[in-house]
Amino acid sequence: MSDGGAAGTSPERDDAEASAAGSVHATSTVATSPDPDDASADPQDPARRSPRVAFLIAYLIRSVDLVVSAVLIIAIGGVVTTLFDIVGTAMRVDQSTGSYGPDAPLVLGGPSGAELWYQMLGSLGGWILLAVGVMLVIVQPVMEVVRRRTPSRGLAYVSGLTAVMVAGIGFGVLVVFGIPPVGLIASGAAGGLVSNLGSALAILVFGLVVYGAPVLIVAALIMLLSFAIGRRGVRVVTAVLAGLIVVAVIVASTGAFRPPPAREVAAAQRSEAEDGFTRALADIDGIADIEVVGHGATVTMSLDAGVGQVLGAADAAKRAGEDLEGIAIVVIQREPDPTSAAQQQDPPRGPWRVQLVPSDQSIDEIADELQRLMLTERLQVSIAVTEGAPLITVFSMDALPAAVRELRGIYPDGAHYRVPERFSMADDPAELSVPMVDAILAVVEAYPDVEIEVNAQPKLYVNDVTPEEAAAIVAILQDPALAGTSPSGYPADYQIHTSGPEGDVYLEGTFG
């Protein structure tokens, strides 16, 4: 009778093993009932319990696959968005400090990379719970119903996506049409009903496109990944990885191991940079003031500082600016002080300003530049040297001719001269010869009240002159001695604007 009972239950056991997809191995059990028919009808018989257990185990395994896939996909999304945030923060750092590359110092108020990663982990918990809930409550039951009626994985996949889509549309309808309590939260109004059906539909479509499409894409990726990790080895690895992610999310949610805020790091960095920069210049004589603001440092030299003291301060400031991480810009300058006794000396001192960091010039080239600047202090001009030709500002038309003639010898490679609102000249030795510059200065000496501009072309523009003055200026510029003096070989043009009884008149010609 035992043999007969065992034989009678064998086909059912085979069906149970097949339905468990190899996950459950049934053992032979002998029915205790004296009648095989009674044994097969017993609800406690393992032969009748095995298919249900096998189905439950398979269901749980597929549910775990969906949970693991949800954790991994949400984590990947968090990593991608955080990388975009880090790149954007790095770009803002470059624009706000003037420095460049990954070595750019921190900006106060902006989160650091470590903060962004930690914030991402702390925010993943809610998204993971939402994704897991959608998968287990909506997707998995629908897919299992389809699986029991057809072996097609593709049809089960499409059915799961359709369920997500239907649920999303239903949720959108609840929100838009204000059915409490969802509509109450979304609209902020007690009634919550949208009176205009057209507006309601527009809002619904907008929400489905902007919010529904990304949710549907994420759901599709989660379901695809759950199919891909069906193999035992892959399943174990992904489950371990998902577990580590969950642990990290839980830890970040509690606030443990939180990195120091970037504001505190930047403040400490700035304080360290300020102290280090000040210490580097502590033994240098002739410094009137050291100011560190943000990531910029300005060294102001005293009016009685000599050439050696200025060069020593420039060398120390440049080295400190390049060595200290929190310093991006370093400038050395001298400013006039009418109340100072040194300012009353002959020659008077300042003003000038030179950028030391960042700069393509070596310290020797900067030293040469500073010596030139100090030689020009007695001319009472303002000289700014950054990148390119020096910008020289003369403060009166009367002092301009003498200043230009002397400074052209100091700056043989050219400079830009200006008198605010009166005179501007781009002096390029490759375009303007000494006789041509002398002719322009002769016009300034003869008519200091006119407005003159010489652009880089070069072309001379003279404005606000009377017809008589215009005729005299033409005579100066058309001196035959100027013919053929252009260094480039091309004649330089001029345009003189005057006005007479017939209105505005423009006199044009070439030098010589």
Side-chain angles (χ1 to χ4, degrees), residues 9-26 46-77 80 127-174 204-205 207-243 245-246:
T9 57
S10 178
E12 291 187 5
R13 236 172 260 292
D14 293 340
D15 293 339
E17 291 173 0
S19 64
S23 301
V24 177
H25 299 279
R48 292 185 57 83
R49 188 170 65 244
S50 293
R52 298 176 182 178
V53 173
F55 171 78
L56 179 60
I57 293 176
Y59 186 94
L60 291 176
I61 290 174
R62 286 191 285 267
S63 298
V64 171
D65 289 344
L66 282 173
V67 171
V68 170
S69 301
V71 172
L72 295 179
I73 293 297
I74 296 299
I76 291 172
V80 172
W127 295 109
I128 290 176
L129 289 176
L130 177 62
V132 170
V134 170
M135 290 296 110
L136 296 184
V137 175
I138 299 175
V139 174
Q140 177 71 337
V142 173
M143 292 177 66
E144 290 301 327
V145 169
V146 174
R147 276 196 179 100
R148 297 196 65 170
R149 285 163 174 75
T150 175
S152 174
R153 275 192 171 188
L155 184 58
Y157 179 82
V158 173
S159 300
L161 282 182
T162 303
V164 174
M165 188 181 305
V166 171
I169 294 174
F171 181 80
V173 171
L174 291 177
L204 177 61
V205 172
L208 291 177
V209 171
V210 175
Y211 301 105
V215 170
L216 197 62
I217 292 173
V218 171
L221 293 175
I222 292 174
M223 294 164 62
L224 282 175
L225 183 59
S226 70
F227 291 153
I229 64 177
R231 295 184 178 180
R232 186 180 299 250
V234 176
R235 177 175 290 152
V236 171
V237 173
T238 52
V240 171
L241 182 58
I245 293 174
V246 170

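What you are looking at is a predicted structure, and each value in this text was computed from that prediction instead of being measured. Scope of the values below: all heavy atoms of this structure, side chains included, with no hydrogens, waters or symmetry mates.
Pairing each heavy atom of V164 with each of V215, the nearest pair is CG1-CG1, 4.5 Å. Among all heavy-atom pairs drawn from R235 and T238, the shortest one is O-OG1, 3.0 Å. Across A131 and A70, no two heavy atoms sit closer than the pair CB-CB, 4.1 Å. Closest of all the heavy-atom pairs between V68 and A242 is CG1-CB, 3.9 Å. Of all the heavy atoms in Q140 and S63, the pair that sits closest is NE2-OG, 3.2 Å. Nearest heavy atom pair, residue A167 against residue I138, reads CB-CD1, 3.7 Å.
The distance from atom OG of S159 to atom CD of E144, rounded to the nearest 0.5 Å, is 11.5 Å. Here the straight-line distance linking atom CG of L72 with atom CG of L221 works out to 12.0 Å at 0.5 Å rounding. Residue I61 holds its CD1 atom at 10.0 Å from CG of L56, rounded to the nearest 0.5 Å. Distance check: L66 CG to I229 CD1 gives 8.0 Å after rounding to the nearest 0.5 Å. Here the straight-line distance linking atom CD1 of I73 with atom CG of L225 works out to 5.0 Å at 0.5 Å rounding.
A 4.5 Å side-chain heavy-atom check between F227 and D65 finds every atom pair outside the cut-off. A 4.5 Å side-chain heavy-atom check between M165 and L161 finds every atom pair outside the cut-off. For the pair M143 and R62, the minimum side-chain heavy-atom distance is 4.5 Å or more. Annotation: side chain of V218 is in contact with side chain of I74 (closest heavy-atom distance under 4.5 Å). Between Y59 and P141, some side-chain heavy-atom pair lies under the 4.5 Å cut-off.
Residue Y211 qualifies as open at atom OH: its count of foreign heavy atoms under 6.0 Å is 12 or below.
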